[in-house]
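Below is one structure, written out as structure tokens; comments come after it.
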Amino acid sequence: MPRRHRQLTSLNVDGFLSQINNSCSPDTIIKIKCKAAHCLAHIGDKQNMQRAINLFNEAHNIQSEMRGQGHPRTMNILNSIISCENRLVSIKNNRIK
């Protein structure tokens, strides 16, 4: 029997995000979006970094509505957004030179 690869990659992120439906709790939606965003940010190219920032922003909006702006989980997502934006700026600066 063949072995299945269960690791999340950029090729199966869309399928992973399709798990979100109306019956999912907000915590589950946040976990799925953050995991997909971390996977896309790990790749490190311009298009995937922008997509990761968008997913992090969506997760941050949901988390801040649920728990507030100062909650540690919300702050962790915000730190991930900032690090992705900094990496995106450095990618853009390297391509200009």
Side-chain angles (χ1 to χ4, degrees):
M1 180 174 252
R3 187 173 180 185
R4 293 186 180 177
H5 297 286
R6 294 189 175 144
Q7 188 172 1
L8 187 61
T9 63
S10 64
L11 299 175
N12 56 9
V13 165
D14 292 327
F16 185 70
L17 289 172
S18 69
Q19 294 178 5
I20 298 173
N21 56 26
N22 292 337
S23 64
C24 288
S25 70
D27 284 326
T28 304
I29 294 171
I30 292 167
K31 287 177 186 177
I32 290 173
K33 288 186 184 232
C34 285
K35 185 169 181 159
H38 280 292
C39 175
L40 291 171
H42 182 70
I43 295 168
D45 66 337
K46 188 176 174 182
Q47 180 181 7
N48 286 325
M49 290 296 280
Q50 189 61 46
R51 193 167 170 208
I53 291 170
N54 291 339
L55 286 171
F56 276 132
N57 281 329
E58 292 172 10
H60 179 265
N61 291 339
I62 296 169
Q63 189 76 268
S64 62
E65 287 176 10
M66 284 178 44
R67 294 191 169 84
Q69 293 289 331
H71 195 273
R73 289 184 185 178
T74 307
M75 299 303 283
N76 286 341
I77 296 173
L78 192 60
N79 285 336
S80 298
I81 293 171
I82 292 169
S83 68
C84 283
E85 288 176 347
N86 289 338
R87 286 180 60 198
L88 185 61
V89 167
S90 68
I91 289 170
K92 288 180 181 178
N93 288 339
N94 288 339
R95 291 194 179 171
I96 290 172
K97 292 180 181 178

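Positions are given from 1, in the same order as the sequence printed here. The shown structure was predicted, so the numbers you read here are calculated from the model rather than taken from an experiment.
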N/O donor to acceptor pairs below 3.5 angstrom from side-chain atoms of residues 53-61, sequence neighbours left out:
residue: N54; atom: ND2; partner: Q50; partner atom: O; Å: 3.4
residue: N57; atom: ND2; partner: I53; partner atom: O; Å: 3.3
residue: E58; atom: OE1; partner: K33; partner atom: NZ; Å: 2.4
residue: N61; atom: ND2; partner: N57; partner atom: O; Å: 3.3

Could you pull out the closest heavy-atom pair between [X] and [Y], with the gap in Å?
X   : Y   : answer
S64 : Q69 : CB-NE2, 3.4 Å
G70 : M75 : O-CG, 4.1 Å
A37 : A52 : O-CB, 3.4 Å

Quiz item: Any side-chain hydrogen bond (donor to acceptor under 3.5 Å, both in side chains) pairs touching residues 40-49, not counting sequence neighbours?
Solution: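 Listed by first then second residue: D45-N48.
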Quiz item: Is there side-chain contact between M66 and D27, with at least one heavy-atom pair below 4.5 Å?
Solution: yes
Quiz item: For R51, which residues count as a side-chain hydrogen bond (donor to acceptor under 3.5 Å, both in side chains) partner, sequence neighbours excluded?
Solution: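 With neighbours one apart ignored, the set is D14.
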Nearest 0.5 Å, please: how far is [atom2] in [Y] from [atom1] in [X]?
X   : Y   : atom1 : atom2 : answer
I32 : C24 : CD1   : SG    : 5.0 Å
N21 : I29 : CG    : CD1   : 8.0 Å
Q19 : K31 : CD    : NZ    : 13.0 Å
H71 : L78 : NE2   : CG    : 14.5 Å
N12 : L17 : CG    : CG    : 10.0 Å
S25 : I30 : OG    : CD1   : 8.5 Å

Quiz item: Between the main-chain N or O of R67 and the side-chain N or O of R73, is there a donor-acceptor pair closer than 3.5 Å?
Solution: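 Absent.
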Practice problem: Indicate if L88 and I77 have the same hydrophobic cluster label, given that clusters are the connected sets of ILVMFWY residues with side-chain heavy-atom separations under 4.5 angstrom. | Solution: no
